[in-house]
Student: 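My questions will all concern the structure given below.
None of these values were measured; they are calculated from a predicted model. Start at 1 with the first residue, then count along the sequence.
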Amino acid sequence: MEDRFALLLSLKTQAGFEVFGEFGIGDDRLAANTLFDSLQGKEPLNDLGLLHIDLMETDGALPAKVRTKCCRLEELAANCKLVTREVFRQKNLKIYEE
């Protein structure tokens, strides 16, 4: 089964925002929102934000954007580290929770 929630990483180009990365972050809505809340960046979007992180939810076959943060390169790097650590924790601790 695919992850219900994902984080999409995108950057601004002349053609608009283009996705360059994706993290599958599981099926738990509360955990997905908690993780998104812990990410660095600003939620009120502005025209200067060149990097976006989108929280996506797939319900059935249709993905929908739930929330977006814009961030700087340093914030994106910290966010990638945080998300990688959290996904690693979720995947490896799952065997101990069953």
Side-chain angles (χ1 to χ4, degrees):
M1 183 173 160
E2 290 187 29
D3 292 324
R4 179 176 176 183
F5 294 95
L7 294 173
L8 295 184
L9 310 177
S10 59
L11 56 93
K12 190 172 187 176
T13 68
Q14 289 181 343
F17 280 91
E18 302 217 9
V19 174
F20 67 91
E22 178 177 351
F23 288 100
I25 57 172
D27 298 321
D28 185 334
R29 179 184 308 278
L30 179 61
N33 278 299
T34 300
L35 177 59
F36 189 81
D37 287 339
S38 68
L39 299 177
Q40 296 179 23
K42 299 193 183 331
E43 249 185 285
L45 300 179
N46 59 43
D47 293 336
L48 301 176
L50 301 178
L51 300 168
H52 282 184
I53 300 176
D54 300 314
L55 175 60
M56 305 294 289
E57 179 179 7
T58 301
D59 190 14
L62 300 174
K65 188 183 301 183
V66 178
R67 296 164 67 189
T68 300
K69 283 188 178 182
C70 58
C71 57
R72 298 184 319 267
L73 184 59
E74 300 80 20
E75 292 171 325
L76 180 64
N79 290 340
C80 288
K81 181 178 177 181
L82 177 71
V83 172
T84 302
R85 183 175 40 225
E86 180 60 21
V87 170
F88 180 85
R89 187 190 67 76
Q90 284 179 4
K91 301 293 183 189
N92 285 295
L93 292 182
K94 185 181 271 187
I95 61 170
Y96 297 111
E97 295 171 354
E98 296 175 347

Student: Is F5 reachable from V87 through a run of I, L, V, M, F, W or Y residues, each pair having side-chain heavy atoms under 4.5 Å apart?
Tutor: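 Yes, one cluster joins them.
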Student: State, yes or no, whether a side-chain contact exists between L82 and E86 at a heavy-atom distance under 4.5 Å.
Tutor: no
Student: Kindly give the heavy-atom pair with the smallest separation between T58 and G60, and that separation in Å.
Tutor: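 The answer is CG2-O, 3.4 Å.
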Student: Is there side-chain contact between I53 and V83, with heavy atoms separated by less than 4.5 Å?
Tutor: no
Student: Could you tell me the separation between the CZ atom of R4 and the CD1 atom of I25, rounded to the nearest 0.5 Å?
Tutor: 12.0 Å
Student: About how many Å separate CZ of F23 and CG of L9, when rounded to the nearest 0.5 Å?
Tutor: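 That separation rounds to 5.5 Å.
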Student: Report yes if the side chains of D54 and L7 come closer than 4.5 Å at any heavy-atom pair, otherwise no.
Tutor: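 A side-chain contact under 4.5 Å is absent here.
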Student: Would you say F36 ends up clustered with M56 if hydrophobic residues are merged whenever their side chains have heavy atoms under 4.5 Å apart, either directly or through other cluster members?
Tutor: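 M56 does not cluster with F36.
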Student: State whether R29 and E57 are salt-bridged, where the test is any N-O pair (Lys NZ or Arg NE/NH1/NH2 against Asp/Glu carboxylate O) under 4.0 Å.
Tutor: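 Yes.
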Student: Just jot down the side chain to side chain donor-acceptor pair (under 3.5 Å) partners of N33, sequence neighbours excluded, or say none.
Tutor: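 N33 satisfies side chain to side chain donor-acceptor pair (under 3.5 Å) with R67 once adjacent residues are dropped.
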Student: How long is the straight-line distance from CG of L50 back to OG1 of T13, given to the nearest 0.5 Å?
Tutor: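 Taking OG1 in T13 and CG in L50, the distance rounds to 10.5 Å.
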Student: I'd like to check F20 versus L11 (side-chain heavy atoms, cut-off strictly below 4.5 Å). Are they in contact?
Tutor: yes
Student: Can you measure from CG (D37) to NZ (K69) and round to the nearest 0.5 angstrom?
Tutor: 6.0 Å
Student: Taking side chain as C-beta onward, heavy atoms only, is L55 less than 4.5 Å from T68?
Tutor: no
Student: F17 and G49: which non-hydrogen atoms are nearest, and at how many Å?
Tutor: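 That closest heavy-atom pairing would be CZ-O, 3.5 Å.
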Student: How long is the span from the NZ atom in K42 to the CD atom in E75, to the nearest 0.5 Å?
Tutor: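 Rounded to the nearest 0.5 Å, the NZ-CD separation comes out at 6.5 Å.
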Student: Considering all heavy atoms of both residues, which atom of C70 and which atom of H52 are nearest to each other, and what is their separation?
Tutor: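 What the structure gives for the nearest pair is CB-CD2, 3.5 Å.
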Student: Determine, using the 4.5 Å side-chain heavy-atom cutoff (strictly less than), whether L39 and V19 are members of one ILVMFWY cluster.
Tutor: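 L39 does not cluster with V19.
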